[in-house]
*Asks:* 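Take a look at the following structure, please.
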Protein chains: 2
Amino acid sequence: MENHKCIDCEFKSSASKILSSEEFDILEKNSALVFFKKGDIIFKQGALSTNVAYLRTGIVKIHKRGVSHEKILRIAKSPSYFGIPTTFGDKINQYAATALEDSSVCFIDSNLFRNFIFKNGKFAYELIVELCENELNDYERYANQSQKQVPGLVAETLLCIADKIFNSSRFNFPLSQSELADLVGTSRESISRILSDFSANKIIAFNGKELNILKRDVLEHISEKG
Amino acid sequence: MENHKCIDCEFKSSASKILSSEEFDILEKNSALVFFKKGDIIFKQGALSTNVAYLRTGIVKIHKRGVSHEKILRIAKSPSYFGIPTTFGDKINQYAATALEDSSVCFIDSNLFRNFIFKNGKFAYELIVELCENELNDYERYANQSQKQVPGLVAETLLCIADKIFNSSRFNFPLSQSELADLVGTSRESISRILSDFSANKIIAFNGKELNILKRDVLEHISEKG
DNA sequence: TTTAAAGTGTGATTAATATCACATATACTA
DNA sequence: TAGTATATGTGATATTAATCACACTTTAAA
């Protein structure tokens, strides 16, 4: 465990900004800052969940074993919590998390976290708002999953990654095509064909791992129509 | 608005059991008990969300407009909250709710609800636990959606309704086949064919609207294999 | 630098399900 | 009770995407 001052952290969550100095002192003594390399597993599905994971820097994929293979549920970027549902929703981790790039994670003792919720209503409220926003996002994607065809889903996912993760139309794509397939819910061959089509039509362009969205309006149209 | 004593309500939420007498008095003055008939819309997608809906008695479907048609996100049975995500996650309702049978709903002023969260950590904690459990359920269904074939999804949905809504293998099915199709994410013709198959194989039996699960283990197997 | 592993591309085939059109059955309303 | 609306059943066809097999490219490790 590395020495660190939580109160000085420049990657605080919205919720934790509410905490008092005393609460920060306690937080510091009951949490651990751990560094992960790209590809490292941060926590495993099926393990006991005894702390809350907070992504200080980096990007992680939240994934779980489906009927036949892995499903990537969502991508989380820093700074944000990414383990609250599996810590407070069940005693065992219902999903796993893996670093998509070098990342730093704070593990916070769940009893301490629970105490913050009990004692700090504003902190609790910020968490509730974040959980509600996540649920609405899930509902949106869930509705789209069954009503859009695969190209629409791919377009939607590319736009989502550009806007929500990188806030840019040009970025290093954090996933392999197999992983993108697991996120979208299709096969890696379909992904290959669709990305080739998008490239051939000059909608997007890959330069190595760097993706550039050339015709955002066309991608939005494909996404909306499904 | 009908006179009612919230503290005497036999359908309290887990969260509201935490409230004090004073809090119950305030709750009573800032909420409305409304009755809905089967088919009535409880709140609409796109409307402003200014209160929290609590399902006191009955069953409702949570649904939203997808790309091409309605998607039923989930079924909620009493007693439970069914509007928290859309009230605290956004200013506008991101989904709608409709009664599947005659129901009674308490509408609670969202500012009051927020104050309960701020002032009552245990109340907030119960809500967070419920939101986390819902998110885990969403993740499970979301993973299954893309990895199971339609018969597996139908089997899974029938078992879910039996266990989570009616807690029985025999019950009045609350949905039409079109609605079941909207919940599962398929076409009503596929539902008709699959239910006929299940009936022909004596896995389930319909007697009018009453559904009887005859071979639960077979249905579970179909659900698991997808 | 070479070898091995992982990732991607592509063509052909198969499978699953949507869609369409229409008929029949059931439920609801006047 | 009769008429209307909604729900369901069914056959045929079309569409979409998965699967399979294999080859090629890129990345990583020895």
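Heavy atoms only: backbone and side chains are in, while hydrogens, waters and symmetry mates are out. Computed from a predicted model, the values in this text were never measured in an experiment. Letters go in sequence order (proteins before strands), and every chain restarts at 1.
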*Asks:* Just to be sure I understand the rule, does B:Ser190 reach a base, reach only the sugar-phosphate, or reach nothing, if contact means heavy atoms closer than 4.0 Å?
*Replies:* sugar-phosphate

*Asks:* Nearest-Å distance, CZ (B:Phe206) to C1' (C:dA25)?
*Replies:*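 Checked: the CZ to C1' distance equals 16 Å.
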
*Asks:* Take atom NZ of B:Lys38 and atom P of C:dC28, then tell me their distance rounded to the nearest Å.
*Replies:* 8 Å

*Asks:* Between D:dA18 and A:Thr186, is there an OP1 or OP2 to side-chain N/O distance shorter than 4.0 Å?
*Replies:*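 Yes, within the criterion.
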
*Asks:* Indicate yes or no: does B:Arg141 engage A:Asp138 in a salt bridge with an N to O separation below 4.0 Å.
*Replies:*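 The answer is no: the pair does not qualify as a salt bridge.
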
*Asks:* Could you name each residue pair satisfying ring-ring contact (aromatic ring centres under 6.0 Å, His included) that touches residues 148-168 of chain A, not counting sequence neighbours?
*Replies:*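 Only A:Phe166-A:Phe171 qualify under ring-ring contact (aromatic ring centres under 6.0 Å, His included).
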
*Asks:* Would you mind listing every side-chain hydrogen bond (donor to acceptor under 3.5 Å, both in side chains) that reaches into residues 164-173 of chain A, with sequence neighbours excluded?
*Replies:* A:Arg170-A:Glu210

*Asks:* So, using ring-ring contact (aromatic ring centres under 6.0 Å, His included) as the criterion, who are the partners of B:Phe36 when residues are at least two apart?
*Replies:* none

*Asks:* Rounded to whole Å, please give me the gap between CG in A:Leu211 and P in C:dT8.
*Replies:*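 Between P of C:dT8 and CG of A:Leu211: 13 Å.
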
*Asks:* Just grab all the salt bridge (Lys or Arg N to Asp or Glu O under 4.0 Å) pairs involving residues 147-156 of chain A, residues at least two apart or on different chains.
*Replies:*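 Counting only pairs at least two positions apart or across chains, the salt bridge (Lys or Arg N to Asp or Glu O under 4.0 Å) contacts touching residues 147-156 of chain A are A:Lys148-A:Glu156.
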
*Asks:* Heavy atoms only, 4.0 Å cut-off, all strands: where does B:Ser176 land among base, sugar-phosphate and nothing?
*Replies:* sugar-phosphate

*Asks:* Just to verify, what does B:Asp90 make a side-chain hydrogen bond (donor to acceptor under 3.5 Å, both in side chains) with, not counting sequence neighbours?
*Replies:*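 Counting only residues at least two positions away or on another chain, B:Asp90 forms a side-chain hydrogen bond (donor to acceptor under 3.5 Å, both in side chains) with B:Gln94.
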
*Asks:* Would you say B:Gln177 reaches D:dT6's phosphate, i.e. side-chain N/O to OP1/OP2 under 4.0 Å?
*Replies:* no

*Asks:* Only pairs at least two apart or in different chains count here, so list each salt bridge (Lys or Arg N to Asp or Glu O under 4.0 Å) that has a residue in residues 187-203 of chain B.
*Replies:*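 Output for this query is empty, none listed.
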
*Asks:* Determine to 10° how strongly the helix from C:dT1-D:dA30 to C:dA30-D:dT1 is bent, judged from the axes of its five-pair ends.
*Replies:*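 Comparing the first five pairs with the last five, the axes sit 50° apart.
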
*Asks:* Provide a list of protein-nucleic acid N or O atom pairs under 3.5 angstrom, restricted to nucleotides 20-24 of chain D.
*Replies:*
{"residue": "D:dC20", "atom": "N4", "partner": "A:Glu189", "partner atom": "OE2", "Å": "3.2"}

*Asks:* Scan residues 150-159 of chain B against DNA chain C and write down, sorted by residue number, each residue with any heavy atom closer than 4.0 Å; if none is found, say none.
*Replies:* B:Val150, B:Pro151

*Asks:* Do any pairs count as a salt bridge (Lys or Arg N to Asp or Glu O under 4.0 Å) and have a residue in residues 53-65 of chain A, sequence neighbours left out, and if so which ones?
*Replies:* A:Lys61-A:Glu179, A:Lys64-B:Glu140

*Asks:* Would you sort out whether B:Leu55 and B:Ser103 count as a side chain to side chain contact (heavy atoms under 4.5 Å, CB included), showing the intermediate values?
*Replies:* CA-CA 8 Å; B:Leu55 185 61; B:Ser103 308; 4.0 Å; yes

*Asks:* Whole angstrom is fine here: how far is it from CG in A:Asp182 over to P in C:dT8?
*Replies:* 12 Å

*Asks:* Is the phosphate of D:dA18, meaning OP1 or OP2, less than 4.0 Å from a side-chain N or O of B:Gln149?
*Replies:*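 No.
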
*Asks:* In whole angstrom, what separates A:Ile194's CD1 from C:dT8's P?
*Replies:* 15 Å

*Asks:* ring-ring contact (aromatic ring centres under 6.0 Å, His included): which pairs involve residues 131-150 of chain B, sequence neighbours left out?
*Replies:* A:Tyr95-B:Tyr139

*Asks:* If you look only at pairs with a residue in residues 46-72 of chain A, which of them pass as a ring-ring contact (aromatic ring centres under 6.0 Å, His included), with sequence neighbours excluded?
*Replies:* A:Tyr54-A:Tyr81

*Asks:* A:Gln147 CD to D:dT16 C1': how many Å, rounded?
*Replies:*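 That distance rounds to 16 Å.
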
